[in-house]
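The structure under discussion appears below in the form of structure tokens.
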2 protein chains.
Amino acid sequence: MATTRRQLPPRPETAARRREILAAALETFGAKGYNNGPLAEIAEQVGMTHAGILHHFGSKDRLLVEVLRYRDESDVEGIEGQHIPDGIELFRHLIRTAFANEQRPGIVQAYAVLSAESVTDANPGREYFEDRYRVLRGEVAEAFRVMCAERGLDEPARVDRAAASVLAVMDGLQVQWLLDPTQVELAQTSAFAIEAIALQALDPRPSPFDGGA
Amino acid sequence: MATTRRQLPPRPETAARRREILAAALETFGAKGYNNGPLAEIAEQVGMTHAGILHHFGSKDRLLVEVLRYRDESDVEGIEGQHIPDGIELFRHLIRTAFANEQRPGIVQAYAVLSAESVTDANPGREYFEDRYRVLRGEVAEAFRVMCAERGLDEPARVDRAAASVLAVMDGLQVQWLLDPTQVELAQTSAFAIEAIALQALDPRPSPFDGGA
DNA sequence: TGCTACTTACTGACAGCATTGTAAGTTACT
DNA sequence: AGTAACTTACAATGCTGTCAGTAAGTAGCA
């Protein structure tokens, strides 16, 4: 049967074109949400029709998944080469990220909108965000474990709670900041809260809510 | 000129019918988001057509605004009669709310989804959430101020940051909990984080991130 | 080098569906 | 008699995805 040359490799410029599309999609999905962000608008940004985008990604669902992965990769590249900081360095890194985020509201908004939208019925981004939070909580918890060990402590439940809390404040502050940047200082407040949580995780003090009443 | 009986008062059952619609809308918007939640689905839940809903609320935009207000009111009624707790009682109240929320994922999801969606372009819920966060931050900050005063402290910047942080962790934890309730304990973790933030606001300790590096 | 066969990267047109909003009519309350 | 509370029908739009076609590239081969 025929000389099966089944599949050609993509042309050299194609990877760049795809990245253009992913960047445009991140912008549109960030500004309007996934459900409300039409392919046609993404297409227009890169000088194509929406059919062209479907040619590259097959469906809008798959486009979202790739957009989320793309955002991760470009983030990791941007900050530093793969290496995950551990112990106290991770927290310094998170705080630096909060400061960097103040300069890129578009990215912050995309992340905030898409993560919340991911909990809705049949959202194609859900698995990504489940995984992402699991991984991030693991990394933060590990950093806490390292710092606990340095101090001769070992309180796993407290460490897990602190890890989830650190990510939660950062996310929650982003929403408030997006709604009204004049009322919330994203970075300074993130730093304050991360510090508070870290201190309580590493050197707990008695609850002020138990006494008196 | 004609005996102008321009407008009749709504029939007695109408108020109840409207509340039914609002509850159904909260469910649908919570499950699917505002943009992705069709009027027809809301209508079906209350045994009507979508045109009937538009008869009551005029447009989908106005329905959302009323849904958000409705959610507020039923919350306030549910917990206790209007009175805003102050000082330490507010924090006890917030923690109780977190425990209550573990029993009503639907409400939590509606809130998480709609607040994030509100930052997108031309979303009719935006003003509501801006106001809501401003008011809530004000109430929490006031509670901190009371507690600071009891301790002879006065640090306005710290108080404002703590207030935003408290609301932020609660919201952020909700998203993580919705994504995977087996990995995040909503209430216990909220309590831990609120405590940590309150302690740092009321009796700051030096940053662990300043030393050593 | 040039020809042939095949593939990628699109476009334009359109099918098909979902959705919001409107208009006109019906029933039943007041 | 008039209006509230609907329904049915429909207009108008917007969206995703498919299909057929075209231009341009690439591989194999004489």
Counting only side-chain nitrogens and oxygens, does [X] get under 4.0 Å of the OP1 or OP2 atom of [N]?
{"X": "A:Thr49", "N": "C:dT11", "answer": "yes"}
{"X": "B:His56", "N": "D:dC6", "answer": "yes"}
{"X": "B:Arg18", "N": "D:dA5", "answer": "no"}

(message) Reading DNA chain C from 5' onward, which residue's closest nucleotide shows up sooner: B:Glu13 or B:His50?
(response) B:His50

Heavy atoms from C-beta onward define the side chain here; which of [options] lies closest to that of [X]?
{"X": "B:Lys60", "options": "D:dA4, C:dC14, C:dT20", "value": "C:dT20"}
{"X": "B:Ala51", "options": "D:dA5, C:dC10, C:dA23", "value": "C:dA23"}
{"X": "B:Thr14", "options": "C:dC10, D:dT16, D:dA5", "value": "D:dA5"}
{"X": "B:Met48", "options": "C:dA9, D:dT7, D:dG17", "value": "D:dT7"}

Nearest whole Å is fine: how far is [N] [atom2] from [X] [atom1]?
{"X": "A:Asn36", "N": "C:dT20", "atom1": "CG", "atom2": "C1'", "value": "13 Å"}
{"X": "A:Leu54", "N": "C:dA9", "atom1": "CG", "atom2": "P", "value": "15 Å"}
{"X": "A:Glu41", "N": "D:dG14", "atom1": "CD", "atom2": "P", "value": "13 Å"}
{"X": "A:Phe57", "N": "D:dG17", "atom1": "CZ", "atom2": "C1'", "value": "16 Å"}
{"X": "A:Glu20", "N": "C:dA9", "atom1": "CD", "atom2": "P", "value": "14 Å"}
{"X": "A:His55", "N": "D:dA24", "atom1": "NE2", "atom2": "C1'", "value": "13 Å"}
{"X": "B:Ile42", "N": "C:dT19", "atom1": "CD1", "atom2": "P", "value": "11 Å"}
{"X": "B:Leu63", "N": "C:dT19", "atom1": "CG", "atom2": "P", "value": "15 Å"}

(message) Here's a test for you: under side-chain contact (heavy atoms from CB on, under 4.5 Å), which of A:Leu64, A:Asp72, A:Val67 qualifies with A:Tyr128?
(response) A:Asp72

(request) May I ask you to decide whether A:Glu66 forms a salt bridge with A:Arg69, counting only side-chain N to carboxylate O separations under 4.0 Å? (result) no

(message) Between A:Asp160 and B:Glu185, is there a side-chain heavy-atom distance shorter than 4.5 Å?
(response) no

(request) Kindly indicate whether the side chain of B:Leu26, heavy atoms from C-beta on, has any atom under 4.5 Å from the side chain of B:Ile107. (result) yes

(message) Tell me the closest heavy-atom pair linking B:Ser118 and B:Ser115, and the distance in Å.
(response) OG-O, 2.6 Å

